J.: 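What follows is a structure written as structure tokens; I'll ask about it next.
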Protein chains: 2
Amino acid sequence: MKIGELAARTGCPVETIRYYEREGLLPEPARSSANYRLYAEPHAERLRFIRHCRTLDMTLEEIRTLLDYHDRPRQPCNAVNGLIDDHLAHVEARIEQLQALREALATLRSRCNGETDSSHCGILQELAQPTPRELTAETGEPSHVPGPHRG
Amino acid sequence: MKIGELAARTGCPVETIRYYEREGLLPEPARSSANYRLYAEPHAERLRFIRHCRTLDMTLEEIRTLLDYHDRPRQPCNAVNGLIDDHLAHVEARIEQLQALREALATLRSRCNGETDSSHCGILQELAQPTPRELTAETGEPSHVPGPHRG
DNA sequence: GAAACACCCTGTAGCCACTACAGGGTCAAG
DNA sequence: CTTGACCCTGTAGTGGCTACAGGGTGTTTC
């Protein structure tokens, strides 16, 4: 099958498939006489594996590691457990951060008393204050889970 | 004060201050005879405002909008409320996504039965399956809140 | 007065995981 | 023979920084 069909079957954009190939996550497929990429079922399976991991917000680096275990199955799988555990910890840490954020935003939101003139807006006044310590504090290891702004 | 002192006072790295200036969030300060940036207290206040917003995971674009209200205070502040509400909604949506993610990861984690050989690892087998619909589904508007991987 | 050092400057490239072109080739249908 | 859908490579852009390279400035110390 050509790249468009693979894309349709897996729900992964064509450009992203080529990107994964450049990144070495997908092997280079065969080519037709017109230099079109020609994929078979194993490619589709591997791509589904990658996309499944991506919906779990794993980095490409983490996925590379998992694919490595997948490709060389004689290794012990403890490291797979460890990778998942670490990732789970990252996600949980990020949830806690975002919950604190939600609290802070809700408090902020309650500052506005309905003045029509933004020079008296409590939200803007609050934001002009230095950031409270509990939001500034380093939370140990970096979380590696993105925040609220994604396409 | 020079840029290093401003950085120390606000906890914002020097490079980031220059970046905010390039982005038009901080006005261009006066310069010394040696072409060093010279800041005064209003610059520090504005920078604290920006950093406070950033700890609330607002985008620079959102912050630009808020600064606009801050700078031209005769405008009504309803839009400020709206911006905060929208942002809060993004954060809440992202929390829900991450909670679903946590569930999925926990389920995945439970798949490993302790086999020593990764060819029998239930986690890898599970990941090789197509992504379940509930994780694939489009959730309406994009969330714009980052996921679990951040420095 | 010179050397060491901390600080400052500009400009550019890198990070991640894509996404979006530009500029071209291929192929089947009408 | 032209339209249109698909494919190719390569490059640049996204956000919010971060990290240089390659230079200038200013104070301190020998």
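If you're wondering where the values come from, they're calculated on a predicted model, not measured in any experiment. Chain identifiers are assigned alphabetically (A, B, ...) following the order of the sequence lines, protein sequences preceding nucleic acid strands; residue numbering begins at 1 within each chain.
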J.: Tell me, which pairs form a salt bridge (Lys or Arg N to Asp or Glu O under 4.0 Å) where one or both residues lie in residues 100-109 of chain B, sequence neighbours left out?
T.: A/Asp85-B/Arg109
J.: Restricting to side chain to side chain donor-acceptor pair (under 3.5 Å), what partner residues turn up for B/Glu5, sequence neighbours left out?
T.: B/Arg9
J.: At under 4.0 Å between heavy atoms, how does the protein contact nucleotides 7-15 of chain D? Give one character per nucleotide, 5' to 3', with B, S or -.
T.: SSB------
J.: Which residues satisfy the side chain to side chain donor-acceptor pair (under 3.5 Å) test with B/Glu23, sequence neighbours excluded?
T.: none
J.: Atom CZ of A/Arg64 to atom C1' of C/dC16: distance rounded to whole Å?
T.: 11 Å
J.: For A/Asp68, give me all partners under side chain to side chain donor-acceptor pair (under 3.5 Å), at least two apart in sequence or on another chain.
T.: A/Arg72
J.: Note the angle between the end axes of the helix from C/dG1-D/dC30 to C/dG30-D/dC1, five pairs defining each, rounded to 10 degrees.
T.: 30°
J.: Looking at residues at least two apart in the chain, or sitting in another chain, which of them share a side chain to side chain donor-acceptor pair (under 3.5 Å) with B/Glu21?
T.: B/Arg37
J.: Below 3.5 Å between N/O atoms, which protein atoms pair up with nucleotides 1-3 of chain C? Just atom names and distances, please.
T.:
none

J.: Going by ring pair (Phe, Tyr, Trp, His ring centres under 6.0 Å), name the pairs with one or both residues in residues 5-42 of chain B, residues two or more places apart or in two chains.
T.: B/Tyr39-B/His43
J.: Examine distances only and state if a side-chain atom of B/His87 and a backbone atom of B/Leu56 form a donor-acceptor pair shorter than 3.5 Å.
T.: yes
J.: Reckon A/Tyr20 has a side-chain N or O less than 4.0 Å from the OP1 or OP2 of C/dA17?
T.: no
J.: In whole angstroms, how far is the P atom of C/dC16 from the CZ atom of A/Arg54?
T.: 12 Å
J.: Does a side-chain N or O from B/Thr16 land closer than 4.0 Å to OP1 or OP2 of D/dT18, or not?
T.: yes
J.: Please list, chain by chain and in numerical order, all residues satisfying salt bridge (charged side-chain N to carboxylate O under 4.0 Å, His left out) with B/Glu61, sequence neighbours excluded.
T.: B/Arg64
J.: With sequence neighbours left out, what residues match A/Phe49 under ring pair (Phe, Tyr, Trp, His ring centres under 6.0 Å)?
T.: A/His70
J.: Is A/Arg22 salt-bridged to A/Glu15, going by a charged N under 4.0 Å from an acidic O?
T.: no
J.: How long is the line joining CD1 of A/Ile17 and C1' of C/dC18, in whole Å?
T.: 13 Å
J.: Side chain to side chain contact (heavy atoms under 4.5 Å, CB included) with A/Thr107: which residues, sequence neighbours excluded?
T.: A/Arg111
J.: Consider the side chain of A/Ser33, meaning its heavy atoms from C-beta on, and name the nucleotide among C/dC27, C/dT19, D/dT18 that approaches it most closely.
T.: C/dC27
